[in-house]
Protein chains: 2
Amino acid sequence: MLSLVEENYLKAIYHLSEGGQAQVSTNAIADAIHTKPASVSDMIQKLDRKRVIQYTKYQGVKVTKEGKEAALKVIRKHRLWEVFLVEQLNFNWDEVHDVAEQLEHIKSPLLIERLDAFLGHPKVDPHGDPIPDAQGVINTKPQKPLHQLDLGAEAIIRAVKDSSPAFLRHLDKLGAYLGAGVKILEKEEFDNSMQIQIDQSTVVFISNEVGQNILVQEN
Amino acid sequence: MLSLVEENYLKAIYHLSEGGQAQVSTNAIADAIHTKPASVSDMIQKLDRKRVIQYTKYQGVKVTKEGKEAALKVIRKHRLWEVFLVEQLNFNWDEVHDVAEQLEHIKSPLLIERLDAFLGHPKVDPHGDPIPDAQGVINTKPQKPLHQLDLGAEAIIRAVKDSSPAFLRHLDKLGAYLGAGVKILEKEEFDNSMQIQIDQSTVVFISNEVGQNILVQEN
DNA sequence: ATATATTTTTAGATGATTCTAAATTATATT
DNA sequence: AATATAATTTAGAATCATCTAAAAATATAT
């Protein structure tokens, strides 16, 4: 059984390792969780003892099979709660993250399965991130950052890489949302900014930073 | 700001003091929270420093105005979540307590107000306990234990004193539920057991223990 | 290949919550 | 009022998660 804090470490490590594949460094974890490397060093040794990660001194850590399962359970809960907040309680997509960070630690298998059914077994959360099923199966569709599209290309916004309120509110202002169709009207080589058309009507300028954090599926 | 553990202490003290009125002893708190008196002694000194209770050495504690407000906020959250679990997620009334114990500590004023609206501003939880409103106002209707009713008296079941799964499942078996009409058919002086009629049909025997934990409103 | 910079780990300390055991205070009984 | 019993508090220790400062290991750059 993992503590709340341990769950947060594991989740961060899982995200940093891109689904449990890559090795993750102590400093990267410290940055992600806003703690000091010394604290991370302690904690990863504890998580290694609990067999959810494999730790080699000075070499960083890798998520184990058990660790991946545990991480996906937390992620499943986080994303289901986000759907609940947006679809049932009328939260905006930029308001859900902090609350879901708390709700994801509620321990009750019955609760999460009932919630999943209540929401109609949603496949993605309000930011387009896929929701693992009860068995931990997560299906990711091929998506690429908007700024990689060629001039004239058309695509549909499927997800956002950055779920911070600041970024999401910016997208709200632009009129960009999940499911919206976009077309690249102009690309500025110099700073990677673009001019895009949203839903065959609105035309907006977006910076490189914004373009990198919008994930699309090409038509 | 109170920690999760502090909130649990304060809530227990509030309940033991019958709404913040009475003085509560160290041992009573230890029993209620299943900790040792020594731990309680430490914690009540901390809660006194935080001004939510008033502590006098060797004399027990009393909830302050601020403490009552804080306790009612936690109780409000607990009961609203219970309503959500039963009405929206089809939990039985004996399954909600442990989950609500976790959910009551989620910190988000927006969440709880949205949840309250979503549920239609319920006035009581699945055990008949009144839900404080956002201002902490809690309206209690006059209720008495079933076993105090006279022979032949009729009443409506309004709440239960004991919310343990064991007791609630027993009530399910008897066919007793909130809102059910009851009539006292027989009273046994010797052991305080009774024979009662539920909803003008079922006739059941109930022990003194059961009768004391069912709260009714007389017609 | 060696010096320097960076990363990581360890050592030692702190605060929160809990415990056991011992000491103290209050209460109840004769 | 004296004593026995019960309740309460304190002292000291353990665990969890965190930190700073210092040491050790690894990586990088000439």
Side-chain angles (χ1 to χ4, degrees), chain A residues 1-17 22-63 67 70-71 74 98 101-102 104-107, chain B residues 1-17 22-63 67 70-71 74 98 101-102 104-107:
Chain A
M1 182 62 60
L2 299 179
S3 75
L4 187 150
V5 174
E6 289 165 352
E7 282 189 348
N8 282 337
Y9 270 90
L10 180 59
K11 188 173 52 123
I13 294 167
Y14 176 84
H15 283 313
L16 288 169
S17 70
Q23 204 86 0
V24 181
S25 77
T26 302
N27 268 4
I29 299 167
D31 277 3
I33 310 207
H34 305 296
T35 49
K36 304 293 163 182
S39 308
V40 174
S41 211
D42 282 344
M43 181 56 82
I44 59 183
Q45 291 172 43
K46 200 170 147 203
L47 289 175
D48 178 272
R49 269 178 260 126
K50 293 201 172 188
R51 312 228 166 285
V52 290
I53 61 177
Q54 213 258 288
Y55 165 66
T56 319
K57 249 191 183 186
Y58 295 103
Q59 299 308 136
V61 299
K62 201 170 177 306
V63 180
V74 178
D98 291 351
E101 285 286 303
Q102 298 179 61
E104 72 187 7
H105 301 293
I106 301 293
K107 281 167 180 59
Chain B
M1 182 64 59
L2 299 180
S3 74
L4 188 151
V5 174
E6 290 165 350
E7 281 189 349
N8 282 337
Y9 270 90
L10 180 59
K11 188 172 54 121
I13 295 167
Y14 177 84
H15 284 311
L16 288 169
S17 70
Q23 204 86 359
V24 181
S25 77
T26 302
N27 269 5
I29 299 167
D31 277 3
I33 309 206
H34 305 294
T35 50
K36 304 294 162 181
S39 308
V40 174
S41 210
D42 281 345
M43 182 55 83
I44 58 184
Q45 291 171 44
K46 201 170 146 203
L47 290 176
D48 178 273
R49 270 177 260 125
K50 293 201 170 188
R51 312 229 166 283
V52 290
I53 61 177
Q54 213 258 289
Y55 165 66
T56 319
K57 248 192 185 186
Y58 295 102
Q59 300 307 136
V61 300
K62 201 168 178 304
V63 180
V74 178
D98 291 352
E101 286 286 301
Q102 298 179 61
E104 72 187 7
H105 301 292
I106 302 292
K107 280 168 180 57

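Screening residues 54-63 of chain A for side-chain hydrogen bond (donor to acceptor under 3.5 Å, both in side chains) gives no qualifying pairs among residues at least two apart or on separate chains. Residue pairs meeting the salt bridge (Lys or Arg N to Asp or Glu O under 4.0 Å) criterion with at least one member in residues 23-45 of chain A, sequence neighbours excluded, do not occur.
Contacts with DNA chain D (heavy atom under 4.0 Å) in residues 47-60 of chain A: A/Y58, listed by number. Across residues 35-45 of chain B, B/T35, B/K36, B/A38, B/S39, B/D42, B/M43 each have a non-hydrogen atom less than 4.0 Å from an atom of DNA chain C (numbered order). Taken residue by residue, residues 22-32 of chain B places heavy atoms nearer than 4.0 Å to DNA chain D at B/S25, B/T26, B/N27.
For B/Y9 and C/dT18, the shortest distance from a side-chain N or O to OP1 or OP2 is below 4.0 Å.
Annotation: side-chain hydrogen bond (donor to acceptor under 3.5 Å, both in side chains) contacts of A/E6 (sequence neighbours excluded): A/K46, A/K50. Annotation: side-chain hydrogen bond (donor to acceptor under 3.5 Å, both in side chains) contacts of A/E104 (sequence neighbours excluded): A/K11, A/H78. B/A38 meets the side-chain contact (heavy atoms from CB on, under 4.5 Å) test with no other residue; sequence neighbours excluded. Applying the side-chain contact (heavy atoms from CB on, under 4.5 Å) rule to A/T35 yields the partners A/Y9, A/A30, A/I33, A/S39, A/V40; only residues at least two apart in sequence or on another chain are considered. Shown here are the side-chain hydrogen bond (donor to acceptor under 3.5 Å, both in side chains) partners of A/E7, two or more places apart in sequence or in another chain: A/H105, A/K107.
Within the 4.5 Å cutoff, the side chain of A/I53 has heavy atoms near those of the A/I44 side chain. Side-chain contact check for A/V61 versus A/I13: some heavy-atom pair is nearer than 4.5 Å.
What you find for A/L10 and A/G67 is that their closest heavy atoms are CD2-O, 3.5 Å.
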